[in-house]
Amino acid sequence: MKNVKRKILVLADFNKSVESILKNTAGLAKIVDADIDVLYVKKPTELVEKESQLSAMRTINKEHFKIKKEMLITTEPISEASGININCSLHYGNVKNEITQYIQEIEPDIIVLGKRKSKKINLSGDNIADFVIKEFSGPIMISADENAFELDKDLTLGLFNNSEDTSNLMFVKELINTSVKPLKSFRIVKNAKELEEIKETVSEPVDEYVFEYTDNTVKSISNYMLKNNVNLLLLERSKTNMKSKSKNFMSDLKTMMDNLNVSMLLTGVEHPDYSN
């Protein structure tokens, strides 16, 4: 039986530069053997305001073809260079509703969001990142413009506060096998006593960096990652994080996104055993 290709969904805003996001996604797709779907959602009110229905339809149709052409101009060179299929879709309507329906339709294995230079990651100003992180249980990559892992660059994987189960999570083994060794592991502990509880979590060579929590800890981690050329940081999600500690998790995650100049991959919530 032929293996079914995995799917990566990129939620992109073509009003902004998306080339680095797509190149990062192509690098990830090459590792996990996936095709890419790109979804761009626009509100109808962004195109038309006080126009007649006929005039509004003409405006939407004209803008639709213009945007689709821009999407193809951006994606086709990346698709040809990588040999990865990239499908582009342009939808109009409520952003969250359109995203939800599209996720249900194509059932992606991974979703990719872009990290904006303003240190806020959203699609159209509607807290889309928060929405997707809370609603989608699969892996999510937050793509940074800097320190990208593109097709012609080696992957240097960093692990953040990883547990003993990290290496069994979906896609993690493939990332570990592809990454430059030794892996880089970063931990934040509340106090020195927690150091005694730390255990090795993967059967690979690991350089471990442990930081006691302070207001500047995340910035210190960022500096260490830059020195070690880390270009993808793996953050493990869990049911505990997403439910009983959801507020703290989202707060900590936003702090990481605001201060780390590196792409981040949040693992899936369900923790399936992925040993194939």
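Atoms considered below: every heavy atom in the structure, side chains included; atoms not considered: hydrogens, waters and symmetry mates.
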| field | Distance, nearest 0.5 Å, that separates CD1 of I86 from CD1 of I78 | value | 5.5 Å
| Which side chain to side chain donor-acceptor pair (under 3.5 Å) pairs, counting each pair once, include a residue from residues 65-80, with sequence neighbours left out? | none
| request: Please round to the nearest 0.5 Å and tell me the distance separating atom CG of L9 and atom CD1 of I106. | output: 4.5 Å
| query | Who pairs with D35 by side-chain contact (heavy atoms from CB on, under 4.5 Å), at least two apart in sequence or on another chain? | reply | K5, N85
| task | Measure across S263 and A144 and return the closest heavy-atom pair with its distance rounded to 0.1 Å. | result | OG-N, 3.0 Å
| message | Apply ring pair (Phe, Tyr, Trp, His ring centres under 6.0 Å) to residues F186 and F160 and explain how you reach the verdict. | response | CA-CA 5 Å; F186 303 90; F160 180 75; 8.0 Å; no
| Side-chain donor/acceptor of D109 to backbone N/O of K7, under 3.5 Å | yes
| field | Verdict with reasoning, K42 to I67, per side-chain contact (heavy atoms from CB on, under 4.5 Å) | value | CA-CA 10 Å; K42 289 186 71 69; I67 297 172; 3.3 Å; yes
| With a cut-off of 6.0 Å (strictly less than), are more than 12 heavy atoms of other residues, nucleotides or ligands near CG of N223? | yes
| message | Would you say that V41 contacts N94 through its side chain, given a criterion of any heavy-atom pair below 4.5 Å between the two side chains? | response | no
| task | Apply ring-ring contact (aromatic ring centres under 6.0 Å, His included) to Y224 and list each qualifying residue two or more places apart in sequence or on a separate chain. | result | Y209, F211
| Run the side-chain contact (heavy atoms from CB on, under 4.5 Å) check on T100 and Q104 step by step: do they pass? | CA-CA 6 Å; T100 298; Q104 293 173 350; 3.7 Å; yes
| task | Would you please name every residue forming a side chain to side chain donor-acceptor pair (under 3.5 Å) with S179, sequence neighbours left out? | result | none
| task | For S220 and T217, test the side chains for any donor-to-acceptor distance below 3.5 angstrom and give the result as yes or no. | result | no
| task | Report yes if some heavy atom in the side chain of L233 is under 4.5 Å from a heavy atom in the side chain of L260; otherwise report no. | result | yes
| Spatial distance of atom OG (S222) from atom CG (L226) [nearest 0.5 Å] | 4.5 Å
| field | Close side-chain approach of I36 to N87, heavy-atom, < 4.5 Å | value | no
| request: Report the residues that fulfil salt bridge (charged side-chain N to carboxylate O under 4.0 Å, His left out) with K30, sequence neighbours left out, ordered by chain and then residue number. | output: none
| Any luck finding a side-chain donor-acceptor pair between N231 and T156 under 3.5 Å? | no
| request: For L159 and K184, run side-chain contact (heavy atoms from CB on, under 4.5 Å): C-alpha distance rounded to whole Å, both residues' side-chain angles, the deciding distance at 0.1 Å, then the answer. | output: CA-CA 6 Å; L159 309 174; K184 313 298 178 183; over 6 Å; no
| said: Just so I know, are the side chains of L90 and H64 near enough to count as touching, which here means a heavy-atom distance under 4.5 Å? | reply: yes
| message | On a heavy-atom basis, which atom in I21 and which in S143 lie closest, and how many Å separate them? | response | CA-OG, 3.5 Å
| remark: From the list L234, I110, T267, side-chain contact (heavy atoms from CB on, under 4.5 Å) with F171 holds only for I110
| query | Which residues satisfy the ring-ring contact (aromatic ring centres under 6.0 Å, His included) test with F136, sequence neighbours excluded? | reply | none
| query | Stepwise, does the side-chain contact (heavy atoms from CB on, under 4.5 Å) test hold for N228 with M225? | reply | CA-CA 5 Å; N228 286 279; M225 286 197 299; 6.0 Å; no
| field | CD-CG distance between E135 and D130, expressed to the nearest 0.5 angstrom | value | 11.0 Å
| Any chain of hydrophobic side-chain contacts (each under 4.5 Å) joining Y213 to L235? | yes
| Side chains of S89 and Y102: do they bring a donor and an acceptor to under 3.5 Å? | yes
| query | Are I133 and I140 close enough that some pair of their side-chain heavy atoms sits under 4.5 Å apart? | reply | yes
| same_hphob_cluster(L175, V180) at 4.5 Å side-chain heavy-atom cutoff | no
| query | Under 4.5 Å between any side-chain heavy atoms of L157 and I176, yes or no? | reply | yes
| note | OG1 of T214 to NZ of K219, rounded to nearest 0.5 Å, is 10.5 Å
| field | Straight-line distance of L11 CG to D13 CG, nearest 0.5 Å | value | 10.5 Å
| said: In the structure I gave you, are the side-chain heavy atoms of P108 and I103 within less than 4.5 Å of one another anywhere? | reply: yes
| message | Tell me whether R237 contacts the main-chain N or O of G138 through its side chain, where contact means a donor paired with an acceptor under 3.5 Å. | response | yes
| query | In terms of hydrophobic clusters joined by side-chain contacts under 4.5 Å, are L265 and V206 together? | reply | yes
| So, do I8 and M141 sit near enough that their side-chain heavy atoms are less than 4.5 Å apart? | no
